[in-house]
Amino acid sequence: MKARSILVALSLVCATVSCKSQFEMMLQSSDVDAKYAAAFQMFEAGKYNKAAQLFESLSVQTNGTEKDDTVLYYWGLSNYKFKDFYTAETNFEKFVTNYPRSPFASDARYLRIDCLYKQTLRYELDQSPTNRALSEIGLYLREYPETPHLEDCEAMIKDLHWRLDTKAFEGAKLYYRMEDYLASRVALVNVLKDNAENIYREDILYYTAMSSYKYAKLSVPQKQKERYLVFSDDYLNFVGEMPESKYRKELDVLYQRAQKALGRYTGEVNDTREKSFAKERKKLEKAGASEKSKESE
């Protein structure tokens, strides 16, 4: 029984070595037609890594021939299906540069930007790949405005803009969390200077006003008046643009307090507890962040 098991194991090892050697022999073969057929056989069988190796080897042998564009395209496509998006993107870029009029050109352009999209990072990390992907998607849509991939491209653009907007907003809001209210206001104002259509515009305007209010409140008495005036401007700017905002009630109370400190208001301040505002704000922010995240998907 033991001897039989050993024979079976040896047979499997031999079969494996034989298969491996056959592939390696084909990889090193100078028979272009046989290797070409084998590469497509591997591709159709879903063995994309081996197909990519064969197409890579063929790319040297078919260079300058009528098969060259097909080999280069399927080399990239094999890597793409193997999820080696970095190599696939490099191959597709080379392809569209060398064969802009090939029947495969449109698909290669789309697959290239899809590779770039798949290489982008979550919003907390470096967004250079995001900016590169957005630029290439824009170029693709200008060249192929009737592309069948239009919806996919629009979804990519929406998601990538969400990442950029979220990174900018969260980066500026970090100063607010650190209670550096002067730096917080400057950073938030700059976010909208860089992109007035940031999807967090309402939140940014709210935190801008909150930053100026808290900066004024914590200032020495000699500086409070001018700083409450800055808050008043931020408040009026906010309510002028967002009169129905979920943050309106809280900011109205702070505005009354600021006006009282400036001697412009003598009535009773609707002094709802700040803790209840803070709790409500967290709920609103959580709901808003969840909604924006779903919209980007």
Side-chain angles (χ1 to χ4, degrees), residues 43 48 51-52 55-56 59 62-172 190-204 291-297:
F43 183 86
Y48 300 120
F55 283 121
E56 181 179 7
S59 68
T62 60
N63 186 32
T65 71
E66 61 181 11
K67 291 181 178 177
D68 194 21
D69 67 325
T70 303
V71 167
L72 188 55
Y73 174 73
Y74 275 94
W75 178 16
L77 190 58
S78 297
N79 282 311
Y80 177 85
K81 289 184 174 291
F82 189 62
K83 301 188 186 304
D84 180 0
F85 299 119
Y86 179 81
T87 306
E89 187 273 321
T90 302
N91 289 337
F92 287 133
E93 182 179 26
K94 182 180 178 182
F95 177 88
V96 297
T97 299
N98 292 347
Y99 300 103
R101 296 182 180 179
S102 167
F104 300 118
S106 176
D107 286 339
R109 284 287 299 274
Y110 171 72
L111 290 170
R112 183 191 170 221
I113 63 173
D114 193 40
C115 288
L116 290 171
Y117 173 72
K118 286 179 167 65
Q119 292 177 71
T120 56
L121 308 172
R122 64 180 191 267
Y123 80 83
E124 300 95 333
L125 303 176
D126 177 36
Q127 293 303 298
S128 298
T130 297
N131 286 313
R132 185 185 178 205
L134 278 170
S135 176
E136 292 300 327
I137 293 170
L139 289 172
Y140 171 75
L141 290 178
R142 282 195 288 276
E143 189 164 345
Y144 300 98
E146 304 297 326
T147 174
H149 304 294
L150 181 60
E151 286 188 11
D152 292 330
C153 289
E154 289 175 343
M156 288 183 207
I157 290 170
K158 190 173 184 179
D159 176 52
L160 296 174
H161 278 304
W162 175 85
R163 295 187 209 186
L164 293 176
D165 287 355
T166 303
K167 184 177 180 67
F169 172 54
E170 292 295 339
N190 285 336
V191 169
L192 291 184
K193 278 185 180 178
D194 292 338
N195 177 21
E197 296 181 359
N198 188 295
I199 60 173
Y200 296 96
R201 184 176 179 86
E202 180 180 2
D203 302 270
I204 292 168
E291 184 179 340
K292 288 183 174 67
S293 180
K294 286 178 182 177
E295 286 175 358
S296 72
E297 292 175 354

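These numbers come from the heavy atoms of this one structure, side chains and all, not from hydrogens, waters or symmetry mates. Count residues from 1 along the sequence. Because the structure is predicted, anything quoted here is derived from the model rather than measured.
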Check your understanding: Got a sec: does the NZ of Lys94 have more than 12 other heavy atoms crowding it under 6.0 Å?
Key ->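 It does not: Lys94 NZ has 12 such atoms or fewer within range.
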Separation of [Y] [atom2] from [X] [atom1] (nearest 0.5 Å):
X: Glu136; Y: Asn131; atom1: CD; atom2: CG; answer: 12.0 Å
X: Ile137; Y: Arg142; atom1: CD1; atom2: CZ; answer: 11.5 Å
X: Tyr144; Y: Tyr110; atom1: OH; atom2: OH; answer: 14.5 Å
X: Tyr73; Y: Asn98; atom1: OH; atom2: CG; answer: 16.0 Å
X: Glu151; Y: Met156; atom1: CD; atom2: CE; answer: 12.0 Å
X: Glu89; Y: Arg132; atom1: CD; atom2: CZ; answer: 4.5 Å

Exercise for review: Would you sort out whether Phe104 and Leu111 count as a side chain to side chain contact (heavy atoms under 4.5 Å, CB included), showing the intermediate values?
Suggested key: CA-CA 10 Å; Phe104 300 118; Leu111 290 170; over 6 Å; no
Side chains of [X] and [Y], heavy atoms from C-beta outward: is any pair under 4.5 Å?
X: Asn91; Y: Glu56; result: no
X: Trp75; Y: Phe95; result: no
X: Asp107; Y: His149; result: yes
X: Tyr123; Y: Trp162; result: yes
X: Tyr200; Y: Val191; result: no
X: Leu139; Y: Ile113; result: no
X: Asp114; Y: Asp152; result: no

Is [X] reaching over with its side chain to a backbone N or O of [Y], donor-acceptor style, under 3.5 angstrom?
X: Gln127; Y: Arg122; result: yes
X: Arg163; Y: Leu121; result: yes
X: Asp165; Y: Ile199; result: yes
X: Thr120; Y: Leu116; result: no

How close do [X] and [Y] get, heavy atom to heavy atom, and via which atoms?
X: Leu125; Y: Lys167; value: O-NZ, 3.3 Å
X: Phe92; Y: Leu77; value: CZ-N, 3.5 Å
X: Ala88; Y: Gly76; value: CB-O, 3.5 Å

**Study point:** Stepwise side chain to side chain donor-acceptor pair (under 3.5 Å) test for Tyr99 and Asp68
**Key:** CA-CA 10 Å; Tyr99 300 103; Asp68 194 21; 2.3 Å; yes
Point to revise | Qualifying residue for side chain to side chain contact (heavy atoms under 4.5 Å, CB included) with His161, from Leu134, Asn198, Thr130 | key: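 Among Leu134, Asn198, Thr130, the one meeting side chain to side chain contact (heavy atoms under 4.5 Å, CB included) with His161 is Leu134.
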Exercise for review: Among Phe85, Tyr48, Tyr74, find the residue that satisfies the side chain to side chain contact (heavy atoms under 4.5 Å, CB included) test when tested with Tyr80.
Suggested key: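 Among the candidates, only Phe85 passes.
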Review point. Looking only at side chains, do Asn79 and Thr87 share a donor and an acceptor under 3.5 Å apart?
Key: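 No donor-acceptor contact under 3.5 Å links the two side chains.
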Review point. Taking atom types as modelled, is there a side-chain donor on Thr147 or Tyr140 under 3.5 Å from an acceptor on the other?
Key: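 There is such a pair (donor and acceptor under 3.5 Å, judged by atom type) between the side chains of Thr147 and Tyr140.
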